[in-house]
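Each remark here refers to the structure printed beneath this line.
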Amino acid sequence: MSALGLTAMSNIRRYTAVATAFIVVFGTLYSVVNNTYLDTSDPLITAIPHHLHETDYFASKKNPLNVYFTKRLWAWTTGTFLFHYLTSPRPTRWPLRLTQYVLATSTWLTWTSWFFGPPVFDRLTIYTGGECVLHLPSGAGVPVPAKLCYTKTAVSPETHPALFPALLLLPEGSWTGIPQLRRGHDVSGHIFLLTLSTLFLADQLRWSFATMPGSRAWSRAHQFAVAFTGVVCIVSLFAIYTTSVYFHTPFEKFTGYVLGLAAFASTQLPYILTGGNLDVGPEVPIRFKKDSKKDA
């Protein structure tokens, strides 16, 4: 590979950042011009199917990309990272990379799952005017205490009778529902996580291309790992596009992207603090012996 091509591949995370930004902007503009997005924080419409679910395949939340990939994204990210890391040439298996993964995972959990109680996203929704709402089978919404949303507690007239006004017309038979946060500022968690995951995996690819010139330092397993990581990144970029076109308001997608960038930036702290240098230019900082079989 030429020095120009080597430098280009080493800058893959920069190109990925530009690609994610372009896709979010393009998809958001398209959604506004063509009225394709669903305001997921509006309690009057969020409980019903997307208005384009019958004509646009990816407007349905039940599409395979959303169900099996996006909603399980960190499992895909973790598996891809481990495959890539464990097959990497030995000199590039730095503990720093594991630290970056721990930081990325911690950031994901902090914003989406737990932060000394409710996650940051849930707190932000409540602080910006959100409320916890239980949607009845009829589509009507009943406000309930926010802690039920934080804990994702199943609610029914039998388990929480005090929450249901006497004059409220309830459906016959037994049923339960899990309340959800509505209104407020609902940051696009999908855009946030897809941005973080894509940039993190692209950053891992940079370690592989820093071992060049040539792929002699790559084992066959690592060649497959690099290819698989690239495929996961491409699928993630497409998922960013479908989310940008069909879900969340423009500002919610913008904040999701900015916070995703900030989360990725946090994974660079160990790299910066240790003075690491992976910039590939005329002199490649990571070099291998000519007998790559010993290091592969």
Could you tell me if R13 and Q204 have a donor-acceptor pair between their side chains, going purely by distance under 3.5 Å? no
Hey, what's the ring geometry for Y246 with H50, parallel, tilted or perpendicular (30° and 60° as the breaks)? perpendicular
Holding to disulfide bond (SG atoms under 2.5 Å apart), I want the full list of residues that pass it with C233, two or more places apart in sequence or in another chain. none
Would you say R206 and D203 make side-chain contact, with heavy atoms under 4.5 Å? yes
With a 3.5 Å cut-off and no angle check, do the side chains of S208 and H222 form a donor-acceptor pair? yes
Closest approach of T198 to L194 (non-hydrogen atoms, all atoms of both residues): OG1-O, 2.6 Å
By the definition ring pair (Phe, Tyr, Trp, His ring centres under 6.0 Å), identify the one residue from F69, F200, F83 that meets it with W76. F69
L269: hydrophobic cluster co-members (side-chain, 4.5 Å): none
Are any of the side-chain heavy atoms of V235 and L65 separated by less than 4.5 Å? yes
Is H190 close to H248 at the side-chain level, that is, under 4.5 Å between some pair of heavy atoms? no
Got a donor-acceptor contact below 3.5 angstrom from the T153 side chain to the C149 backbone? no
Connected via hydrophobic side-chain network under 4.5 Å: L98 and L199: yes
Check T267 against L103 and note the closest heavy-atom contact, atom names and distance. CA-CD1, 4.2 Å
Mind checking whether V258 and V120 sit in one hydrophobic cluster, side chains of I, L, V, M, F, W, Y counted as touching below 4.5 Å? no
Check step by step if side chain to side chain donor-acceptor pair (under 3.5 Å) holds for T77 and S197. CA-CA 6 Å; T77 303; S197 173; 2.6 Å; yes
Supply the atom-to-atom distance T92 OG1 to R90 CZ, rounded to the nearest 0.5 angstrom. 11.0 Å
One pair to check against side-chain contact (heavy atoms from CB on, under 4.5 Å): E131 and L181. What are the steps and the verdict? CA-CA 6 Å; E131 63 178 355; L181 292 173; over 6 Å; no
Can a donor-acceptor pair be found, under 3.5 Å and without considering hydrogens, that links the side chain of T242 to the backbone of A239? yes
Set out, in order, the CA-CA distance, both residues' side-chain angles and the distance that settles side-chain contact (heavy atoms from CB on, under 4.5 Å) for V24 and I240, then state yes or no. CA-CA 7 Å; V24 171; I240 291 175; 3.6 Å; yes
Heavy atoms only: give me the nearest A146-C132 pair and the separation to one decimal. CA-CB, 3.7 Å
If every non-hydrogen atom of G260 is compared with every non-hydrogen atom of T195, which pair is closest and at what distance? C-CG2, 3.9 Å
For the residue pair F81 and Y101, does the interplanar ring angle fall in the parallel (under 30°), tilted (30 to 60°) or perpendicular (over 60°) class? parallel
Check whether any side-chain N or O of D122 sits under 3.5 Å from a backbone N or O of P118 as a donor-acceptor pair, and report yes or no. no
Could you label the plane-to-plane angle of the F251 and F254 rings as parallel, tilted or perpendicular, counting under 30° as parallel and over 60° as perpendicular? parallel
Is W111 close to S106 at the side-chain level, that is, under 4.5 Å between some pair of heavy atoms? no
Evaluation steps, side-chain contact (heavy atoms from CB on, under 4.5 Å), between R97 and S88: CA-CA 11 Å; R97 296 173 64 185; S88 295; 3.3 Å; yes
Work out which heavy atom in A225 is nearest to a heavy atom in T87; give both atom names and the distance. CB-OG1, 3.4 Å
For the OH atom of Y241 and the CD1 atom of I23, what is their distance to the nearest 0.5 Å? 9.5 Å
Taking a hydrophobic cluster as the set of Ile, Leu, Val, Met, Phe, Trp and Tyr residues connected by side-chain heavy atoms closer than 4.5 Å, whether directly or through intermediates, do L261 and L259 fall within one such cluster? yes
When rounded to the nearest 0.5 angstrom, what distance separates CG in D186 from CD in E252? 5.0 Å
Can you tell me how far CG of L205 sits from OG1 of T16, rounded to the nearest 0.5 angstrom? 8.0 Å
Under a single-linkage definition using a 4.5 Å side-chain heavy-atom cutoff for Ile, Leu, Val, Met, Phe, Trp and Tyr, are L86 and V231 assigned to the same hydrophobic cluster? yes
Please confirm whether the backbone N or O of V102 pairs with a side-chain atom of T105, one donor and one acceptor, at under 3.5 Å? no
Just wondering, do K253 and Y37 contact through their side chains at under 4.5 Å, heavy atoms? yes
Atom OG1 of T243 and atom CG of N66: how far apart are they, to the nearest 0.5 Å? 7.0 Å
Closer than 3.5 angstrom, by distance alone: can the side chain of S60 be matched with the main-chain N or O of Y57 as a donor-acceptor pair? no
If we only count heavy atoms from C-beta on, is the H53 to K62 side-chain gap below 4.5 Å? no
F264 and I234: same hydrophobic cluster, using ILVMFWY side-chain contacts below 4.5 Å? no
Ring pair (Phe, Tyr, Trp, His ring centres under 6.0 Å) partner of W218, chosen from W207, F224, F209: F209
Drop me the distance from F26's CZ to T28's OG1, to the nearest 0.5 angstrom. 10.5 Å
Answer yes or no: is there a side-chain heavy-atom contact under 4.5 Å between S188 and T255? no
Decide yes or no for V142 and V133: does some side-chain heavy atom of the first lie under 4.5 Å from some side-chain heavy atom of the second? no
Least distance between heavy atoms, G256 atom then I191 atom: C-CG2, 3.8 Å
